[in-house]
> 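Dropping the structure in here first, questions after.
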2 protein chains.
Amino acid sequence: MGKKRVTLTDIANELNIDVSTVSKALKKHPKISDVTIKKVSKVARRLNYRPNDIATALVKGRSNLIGVMVPHTDENFFASAIRGIEEVAKKKGYNITIFQSNDDTSDEKSNIETMYRARVDGIIASHAMETHEFGHYQDILDQDIPLVLFDRFNDAIDSDVVAIDDFKGAYKAVSHLIDQGCTRIAHIAGQLSVHIYKERYRGYKQALEDHGIPNEENLVVESDMSLEGGRKLTLTLLNNRKKPNAIFASNDYTALGAIQFLQESNIDIPEEVAVVGFSNEAFTSYVTPTISSIEQHSRKMGKIAAQHLLDQISGSTESSSAKRPSQKTILTPELIIRESSKKK
Amino acid sequence: MGKKRVTLTDIANELNIDVSTVSKALKKHPKISDVTIKKVSKVARRLNYRPNDIATALVKGRSNLIGVMVPHTDENFFASAIRGIEEVAKKKGYNITIFQSNDDTSDEKSNIETMYRARVDGIIASHAMETHEFGHYQDILDQDIPLVLFDRFNDAIDSDVVAIDDFKGAYKAVSHLIDQGCTRIAHIAGQLSVHIYKERYRGYKQALEDHGIPNEENLVVESDMSLEGGRKLTLTLLNNRKKPNAIFASNDYTALGAIQFLQESNIDIPEEVAVVGFSNEAFTSYVTPTISSIEQHSRKMGKIAAQHLLDQISGSTESSSAKRPSQKTILTPELIIRESSKKK
DNA sequence: TTGAAAGCGTTACCAA
DNA sequence: TTGGTAACGCTTTCAA
């Protein structure tokens, strides 16, 4: 049996005063005399009293808990977003509890259910890759539970959003390759049913068009975003009659796969084929050659998401009848140029 | 104002029956008639009722929450340990809430305070690097709150422990280098005041001794565990009159720094200097040359830690008067041989 | 099979 | 300045 914890009642009994007095004394309520405050805090310290936040949450109707759900906690991007969220939330006295969907819609639903039951004060989420129906997110909004979607979101849900401009990121990457003199630029895309990958593909096409380079269908391949996928698809691309002289990959793992395959084929990087990835994973600056990539500002994204959520929470506490319009923050991605695309 | 949530009372009023009946009906208590159960669940579904876990926690005295504290959530090792913890905990209906100490003892203390106030049912933690006084952990034990320390622990605290055998890991790494014919093996150590780094140093020395290789003081340097530190100290090591022909680094970042410096100095790896790191970070298999390292089984560590904690929790529920002795699980690390140390 | 009431640990309101 | 009491939403025990 867990040890019996010290309660306000214990302190009250010890001093022969009322619990309500103890409660007020501990929070230095102005109507309580200094002597009482002193007495109470002394006993509280002696008994090693710690408030029971669960009881407080029940009466206040607030848990001071923020639910955070991401596809995978151990992916660099999400881990650092979570870190950003935590920094901001903690400063305001909120704790966070973390859930992962494993990119599985039914896990996602059950996580939302759990958060709801735990009466979190708000939810920050990045939805599962395979989620295409967003009723469970709409339910959150319908319950007036503050919600912020980050990185992955969907226009069907009118919530706050923090994301980067994937279109612009891709546009920058491809324009840079064109600057370097590349003329036949291939694209290893992600599943085009997914918003962010579609946007990256759009940015790729737009950049080509704006620079008067024709868009060739067989220079675009769709991958599963794995390193192995990057290798295989690079082989496919090199089998083209007219080989590409650059590859823009939708993430860094496929970019790395491409680079490995090119190296094994004795193709010079970046002179014969230049490569740019996406996400700026830590390893891009460790490998040889270092890989040019797009920085997504994950930590900052997390911070902003938390900020939006806290705004909503404090907004909903006030009885402002007007409904606050949802906030959409789209960050500008940054191109980091490294060896894999910088020609002499 | 957040929307008013549906409660048991709402359902009871709707049906003109008592809350207690509703409560029992919803959990299909055997003494409640099937008709009532049907009626109740129908209304519950219609009103979209969700139990308030906070209220339940208050009356049951259990929060179903596990507190997890690590130095940094965005470090690969910890992120994947957390993932392991979550998998196991969730299966048993526990949620986890995550805290990071930022390797700062005062953050660590305040996190413990918060967890205590939140009435977590148990704590899994890896202590801050700079923590050398463990009273705040002892407090947890004194309150009979289940505690498991993982990876970083201290003998001053008699808690459950899950860790790897750092001594053995280092021993394996160094023995492997000797097998490869290396005779002058340097060691880039971590702060030797920290248990795990001290153990790795011990393993290093023991391996040398067991193979009849003299231990030379100036082949051992202490680093801050950063990539940059690895580079600088490799320079120091190469300045020795008799240069080393192998380096055993206490983590993968310093190993990578060493490799970069060796490459820039046109020293062949592994023929002239072989390198082994520690932790088996993902990037070790991406870089050139791939880096030999020691796998620490972080995910598994997390799973076992959670298992130990759940054992403690269920043990403390039973009124078994006998105090359960603390469980120490020491995993055996695994040597992963890659290009940086495998000679032809 | 159902109901009534007490209680979990706090807070908040009104009365003393 | 302090005390009493109801209330938060649920579970549990005992009575009906």
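So that the names make sense, note that chain A is the first sequence line, chain B the second, and so on, each numbered from 1. The structure presented is a predicted model; accordingly, all values stated were derived computationally and were not measured.
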> Excluding sequence neighbours, so at least two apart, what forms side chain to side chain contact (heavy atoms under 4.5 Å, CB included) with B/Thr131?
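Side chain to side chain contact (heavy atoms under 4.5 Å, CB included) check on B/Thr131 returns B/Thr105, B/Glu108, B/His127, B/Ala128, B/Phe134, B/His136.
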> Within the side chain of A/Thr21, is there an N or O that forms a donor-acceptor pair under 3.5 Å with the backbone of A/Ile17?
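Here the side-chain-to-backbone pair does not exist.
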> Examine distances only and state if a side-chain atom of B/Lys303 and a backbone atom of B/Ser298 form a donor-acceptor pair shorter than 3.5 Å.
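Not at all, since once roles are kept as given, no pair shorter than 3.5 Å links the two residues.
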> Report the distance from atom CD1 of A/Ile112 to atom CG of A/Asp107, rounding to the nearest 0.5 Å.
11.5 Å
> Report the C-alpha separation of A/Asp160 and A/Arg324 in whole Å, then their side-chain angles, then the decisive distance to 0.1 Å, and conclude whether the salt bridge (charged side-chain N to carboxylate O under 4.0 Å, His left out) test is met.
CA-CA 10 Å; A/Asp160 280 14; A/Arg324 162 180 173 290; 2.9 Å; yes
> Specify the separation, in whole Å, of atom CD1 of A/Ile11 and atom P of C/dG9.
13 Å
> One thing to verify: whether B/Lys109 and B/Asp104 come together as a salt bridge, which I'm taking to mean a side-chain N less than 4.0 angstrom from a carboxylate O.
no
> Got a second to check how far B/His308's NE2 is from B/Thr329's OG1, nearest 0.5 Å?
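Here the rounded value is 2.5 Å.
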> Between B/Val35 and B/Lys60, which is nearer to the 5' end of DNA chain C once each is assigned its nearest nucleotide?
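Counting from the 5' end, the first nearest nucleotide belongs to B/Val35.
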> Give me the first and last nucleotide of DNA chain D, going 5' to 3', that has any atom under 4.0 Å from a heavy atom of chain B.
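Using the under 4.0 Å cut-off, the span is D/dG9 to D/dT13.
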> Give the table of side-chain donor-acceptor pairs shorter than 3.5 Å for residues 115-123 of chain B, with sequence neighbours excluded, one pair per line with atom names and distance.
unit_1: B/Tyr116; atom_1: OH; unit_2: B/Gln143; atom_2: OE1; d: 3.3
unit_1: B/Arg117; atom_1: NE; unit_2: A/Asp53; atom_2: OD1; d: 3.4
unit_1: B/Arg117; atom_1: NH2; unit_2: A/Asp53; atom_2: OD1; d: 3.1
unit_1: B/Arg119; atom_1: NH1; unit_2: A/Pro51; atom_2: O; d: 3.3
unit_1: B/Arg119; atom_1: NH1; unit_2: B/Tyr116; atom_2: O; d: 2.9
unit_1: B/Arg119; atom_1: NH2; unit_2: A/Arg50; atom_2: O; d: 2.9
unit_1: B/Asp121; atom_1: OD1; unit_2: B/Ser63; atom_2: N; d: 3.1
unit_1: B/Asp121; atom_1: OD1; unit_2: B/Ser63; atom_2: OG; d: 3.3
unit_1: B/Asp121; atom_1: OD2; unit_2: B/Ser63; atom_2: N; d: 3.3
unit_1: B/Asp121; atom_1: OD2; unit_2: B/Asn64; atom_2: N; d: 2.7

> What's the CG-C1' distance between B/Asp53 and C/dC8, to the nearest Å?
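So the two atoms are 15 Å apart, to the nearest Å.
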> Quick one: label B/Ile54 by what it contacts on the DNA or RNA (base, sugar-phosphate, nothing), any heavy atom closer than 4.0 Å.
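Nothing, no nucleic acid heavy atom in range.
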> Find the distance between NZ (B/Lys39) and OG1 (B/Thr36) and round it off to the nearest 0.5 Å.
5.0 Å
> Is the shortest distance from a Lys or Arg side-chain nitrogen in B/Asp103 or B/Arg152 to a carboxylate oxygen in the other one below 4.0 Å?
yes
> Okay, side chain of B/Asn13, backbone of B/Asp10: is any donor-acceptor separation there less than 3.5 Å?
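No, the answer is negative, given that no donor and acceptor are paired below the 3.5 Å cut-off.
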> Once you round it to whole Å, what is the distance between P of C/dG9 and CG of B/Leu58?
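It is 7 Å, rounded to the nearest whole Å.
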> To the nearest 0.5 Å, how far apart are CD in B/Gln307 and CD1 in B/Ile85?
12.0 Å
> What parts of residues 18-28 of chain A reach DNA chain C, counting only heavy atoms under 4.0 Å away?
A/Ser20, A/Ser23, A/Lys24, A/Lys27
> Between A/Leu8 (CG) and C/dA12 (P), how many Å, whole number?
12 Å
> Taking the axis from the first five pairs and the axis from the last five, what angle separates them in the helix from C/dT1-D/dA16 to C/dA16-D/dT1, rounded to 10 degrees?
50°
> Working to the nearest 0.5 angstrom, can you tell me the gap between A/Arg299 CZ and A/Phe77 CZ?
13.5 Å
> For DNA chain D, determine which residues of residues 37-52 of chain A have any heavy atom closer than 4.0 angstrom to one of its atoms, and list them numerically.
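None - not one residue of the stretch has a heavy atom sitting under 4.0 Å from the strand.
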